[in-house]
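Input: a single structure, listed below in structure tokens.
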Protein chains: 4
Amino acid sequence: MNSEPESDIKREVAAKAEARGTRQKIVAAAIHEFAHHGIDGARIDRIAKSAKVNKAMIYYHFDSKDNLYLEVVTSFYKNIRQRAEEIVLPSETLEEALGALATLHETMFASDDYARPIMLREMADPRPEVLEAISAVFRSASIPQKIATLLGDGMDRGEYRHTDIHQALLAFASMSIYYHMVTPFINRLLGIDDPRQFAAERPKVIIDIFLNGLKVR
Amino acid sequence: MNSEPESDIKREVAAKAEARGTRQKIVAAAIHEFAHHGIDGARIDRIAKSAKVNKAMIYYHFDSKDNLYLEVVTSFYKNIRQRAEEIVLPSETLEEALGALATLHETMFASDDYARPIMLREMADPRPEVLEAISAVFRSASIPQKIATLLGDGMDRGEYRHTDIHQALLAFASMSIYYHMVTPFINRLLGIDDPRQFAAERPKVIIDIFLNGLKVR
Amino acid sequence: MNSEPESDIKREVAAKAEARGTRQKIVAAAIHEFAHHGIDGARIDRIAKSAKVNKAMIYYHFDSKDNLYLEVVTSFYKNIRQRAEEIVLPSETLEEALGALATLHETMFASDDYARPIMLREMADPRPEVLEAISAVFRSASIPQKIATLLGDGMDRGEYRHTDIHQALLAFASMSIYYHMVTPFINRLLGIDDPRQFAAERPKVIIDIFLNGLKVR
Amino acid sequence: MNSEPESDIKREVAAKAEARGTRQKIVAAAIHEFAHHGIDGARIDRIAKSAKVNKAMIYYHFDSKDNLYLEVVTSFYKNIRQRAEEIVLPSETLEEALGALATLHETMFASDDYARPIMLREMADPRPEVLEAISAVFRSASIPQKIATLLGDGMDRGEYRHTDIHQALLAFASMSIYYHMVTPFINRLLGIDDPRQFAAERPKVIIDIFLNGLKVR
DNA sequence: GATGAATGAGGTTTCATTCAT
DNA sequence: AATGAATGAAACCTCATTCAT
């Protein structure tokens, strides 16, 4: 006769907590699966098993495989975006801004092993929604704009040679991101034994090349 | 004129020609399919249909989907490799060698629409055999070595600043190849309206940045 | 009365009951199919249809055709074995023990129409697992040992002539089992019109021949 | 201008010789295949390959898999039957006639490894044609009739106890043939190390048991 | 007679998804 | 929320058989 409502509330709270737990377990397992196998190669059974969750629960929480993928991937980008925004765009010099972009790239890929394969697959078969999500990361990070601005200013001041801003921006971004995207391949091709160190030394080198490459002599 | 052996030969030739035709049709359809959908998303039925070939023929000629993929992809790289070897490594200057590498990259991707997605997917989930095949393209092309040598010589001569050769080589390669690999994304992100022109102007810009970037002032 | 755990149990029980039902239906249909067609001639479609079960359920419960076969056949032998163990090894005389073996054989084959074809096919291409299962039936039945012992004792007592026990045991077993194994053929060859009666009269005859055949005169 | 017809004849003769060779190769490979896998498990491809013959040749010579099976199996029985007829039915005593039957059985199975599995499979799923063929072997061999006659005479003479002739005949046949039919199983069950010797000693034992078993004391 | 390629029907198995409880 | 069972469509692959030469 007493606290049935209370116990109902408790139940609900507990249920929600558990549900959140279930969702999270599913998401974690799904990222892993999608990263390793792509959306077509991914198996709902495998996700359920590795999440230790009943298969039907996946449909209960995510409706369909496609939707699971979408939610997983966008949440993945949200995550990256958030970390991107946390990178303080420090001071005023171009050099520092370039360093920030390099750091951003490093952050994107260093966090886990899933970024690389997931992004590569997206690029191979780009869905508008996802392209947009990735674009947003960079836009929100405002770092590219900052670099563009600083570079433009430098050109106007006569410090840097006049160059197409897009080409220049892409030049730096390429030097910074490409290694991260195809690490295993480059390591193999160039016979790099210590990828960690190679990656650590890289920002300095590319900033150096980039700035020198554009400076007026 | 009607000696049996001769007609035997004719027969064989004709048969082989047809077979080659069938194989080729399959390969062509398969590349298309694998490029668009990846190995897991690819459908044998679709390949057969678009090749206008009986489905069983695919198994007759290629044994399994996996094997078809492997043969298709390696033949694809052989193809690229051949074209790579045809790129004459012109003269003696570093500038020209860099131009050759840019041309190689352009060649790799410009030939058809399949290179980009196929390579990206491979990079996402690299099979040793295929990594090796890609590596071979570059090794055989000897262009990287040439660049490395010229760059090393230039450093020794005091023309270029001392820099880790691998880092430098990768810096240029990145600038050259990255845009090709993720064209649609970059076009979207930077709002590039005329990709053709952007790509055409690119080699000059990156060679310029790279050489200036390394030159001693 | 409506406590959740209880209803949970109910649910589980019901589910398991249904599942058992499905499994049983599959097994029943599968025995029939395998007996009639052998493992290679058997068709999963046909099993599913005659069990009134979705084809995929067979894989859900048994993983593969091979495995279904194995489970079906071993369960089949377990079944026989159980019935074998129920045959009381009556008294002490050799005659009764021989009667028991004849009864065992009759039991093995009389139960249904599947024993004959299934066992024959197994013998044609014996899988170790299954040979073992059949051997176990006879070993567990302990009847052969009993016979061997009684026979040995009889020989020692001078009642029976000395004869290789294995040869003797096999002699009786052959007389007892062979007709069951190839009934249709023998009926045809000897023109037996009333197999039932022939089989019924058989134990008496063969026990008679066997015992007389070994007795010291 | 000369011997075209002659060369035609030569050709034909050669062709027929070769053809016979091809047929034989096919038959040999087919027996092997059918013995190991049964008709449903047999693969035309495998037969062609192991016969080193083009698959289409099998159809050219035998029309269909079923027909190949039938021809192979009936020729197989013809073969056995021929050997059966070569077994001289020696003298006049029942003992010798029984020995002849035992020898016949031995001959049937000893010739190759195929008799056992082929006959077992036939028995599992008996086709009338084939049952007839096997029956014919025994009838033609006239040994059973001889035994029946001798046994009948012996009973009439008061030498043997009155017993149903069919039961008696089958008793002996069972003892003689059963071991051959399920050799691997019996060897395993009884732990027989030297099957050759066991088989060699068997006729004497079973003739002994049989005759003693029927003799009037 | 002989060959390699081709065909069509069908076989086993898989898998996203749903249902009943 | 959770589970085990169920479903139907389709995927990959096989195989007896035939064709063209």
Side-chain angles (χ1 to χ4, degrees), chain A residues 11-12 14-19 21-23 40 42-46 48 53-61 63-66 68, chain B residues 7-23 40 42-46 48 53-66 68, chain C residues 7-8 10-16 18-23 40 42-46 48 53-61 63-66 68, chain D residues 11-12 14-19 21-23 40 42-48 53-61 63-66 68:
Chain A
R11 232 183 266 157
E12 255 178 60
K16 272 190 187 167
E18 272 200 33
T22 301
R23 274 189 78 98
D40 289 306
R43 294 291 169 257
I44 293 289
D45 273 55
R46 226 150 37 194
V53 146
N54 185 286
K55 202 181 7 169
M57 275 294 94
I58 293 177
Y59 288 88
Y60 180 79
H61 284 292
D63 291 337
S64 78
K65 187 189 185 184
D66 268 27
L68 172 61
Chain B
S7 91
D8 269 10
I9 290 168
K10 267 185 200 166
R11 241 181 260 161
E12 256 177 59
V13 168
K16 273 190 186 165
E18 270 198 36
R20 207 163 12 206
T22 303
R23 274 188 78 100
D40 290 304
R43 292 293 169 257
I44 292 288
D45 273 54
R46 226 147 42 194
V53 146
N54 185 296
K55 204 184 358 174
M57 275 287 88
I58 294 178
Y59 292 91
Y60 180 77
H61 285 293
F62 296 93
D63 292 336
S64 75
K65 186 186 182 182
D66 266 31
L68 172 61
Chain C
S7 92
D8 270 10
K10 265 186 200 165
R11 241 181 259 159
E12 257 177 57
V13 169
K16 273 190 185 164
E18 268 197 38
R20 205 160 16 203
T22 303
R23 274 188 78 100
D40 290 304
R43 292 292 168 260
I44 292 288
D45 272 53
R46 227 149 38 196
V53 146
N54 185 294
K55 209 187 348 177
M57 274 288 88
I58 293 177
Y59 291 89
Y60 180 77
H61 285 292
D63 292 336
S64 75
K65 187 186 183 183
D66 265 31
L68 172 61
Chain D
R11 234 184 265 156
E12 254 177 60
K16 271 190 187 167
E18 270 200 34
T22 301
R23 274 189 79 98
D40 289 307
R43 293 293 169 256
I44 294 289
D45 273 56
R46 227 152 34 197
I47 294 174
V53 146
N54 185 287
K55 201 179 9 167
M57 275 294 93
I58 293 178
Y59 288 89
Y60 180 80
H61 284 292
D63 292 337
S64 77
K65 187 188 184 184
D66 268 27
L68 172 62

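Order of the sequence lines sets the chain letters (A, B, ...), proteins ahead of strands, with each chain counted from 1. Just so we're clear, the structure is a prediction, and the values are computed from it rather than from any experiment. Computed from heavy atoms alone, side chains included, the values below leave out hydrogens, waters and symmetry copies.
Straight-line distance from the CZ atom of C:R46 to the C1' atom of E:dT12: 14 Å, rounded to whole Å. Nucleotide F:dC12 holds its C1' atom 15 Å from the CG atom of A:D40, rounded to whole Å. Here the C1' atom of nucleotide E:dC19 and the CE atom of C:M57 are 12 Å apart, to the nearest Å. Look at CZ on B:F62: it is 18 Å from C1' on F:dT14, rounded to the nearest Å. Whole-Å rounding puts the C:I58 CD1 to F:dG8 P distance at 14 Å. For the pair A:D45 CG and F:dA5 P, the interatomic distance rounds to 13 Å; values are reported in whole Å.
In this model, the phosphate group of F:dA2 is approached by a side-chain N or O of A:T22 to a distance below 4.0 Å at OP1 or OP2. In this structure, C:Y60 does not reach the F:dA6 phosphate: none of its side-chain N or O atoms is under 4.0 Å from OP1 or OP2. One finds a side-chain N or O of B:Y59 lying less than 4.0 angstrom from the OP1 or OP2 phosphate oxygen of F:dC13. Between B:H61 and the phosphate of E:dA6, there is a side-chain N or O to OP1/OP2 separation shorter than 4.0 Å.
In terms of position along DNA chain E, the nucleotide closest to D:V53 lies nearer the 5' end than the nucleotide closest to the other residue of the pair C:D63 and D:V53. For the pair A:I44 and C:K65, both in contact range of DNA chain E, the more 5′-proximal nearest nucleotide belongs to C:K65.
With a 3.5 Å ceiling on both atom-pair distances, the Watson-Crick or G-U wobble partner of E:dA20 is F:dT3.
A:N54 and A:A48 get closest at one heavy-atom pair: C-CB, 4.4 Å.
Across all strands, C:A42 comes closer than 4.0 Å only to sugar-phosphate atoms, never to a base (heavy-atom distances).
In this structure, D:R23 and D:M57 have side chains that are not in contact, with every pair of non-hydrogen atoms separated by 4.5 Å or more. Side-chain contact check for B:I44 versus B:Y59: some heavy-atom pair is nearer than 4.5 Å.
Comparing E:dG1 with F:dT21, their P atoms sit 22 Å apart, to the nearest whole Å.
Distance CG/A:L68 to CG/A:D63: 10.0 Å, rounded to 0.5 Å.
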For nucleotides 8-10 of chain E, list the nitrogen or oxygen atoms of the protein found under 3.5 Å from its nitrogen or oxygen atoms, one pair per line.
unit_1	atom_1	unit_2	atom_2	d
E:dG8	N7	B:N54	ND2	3.2

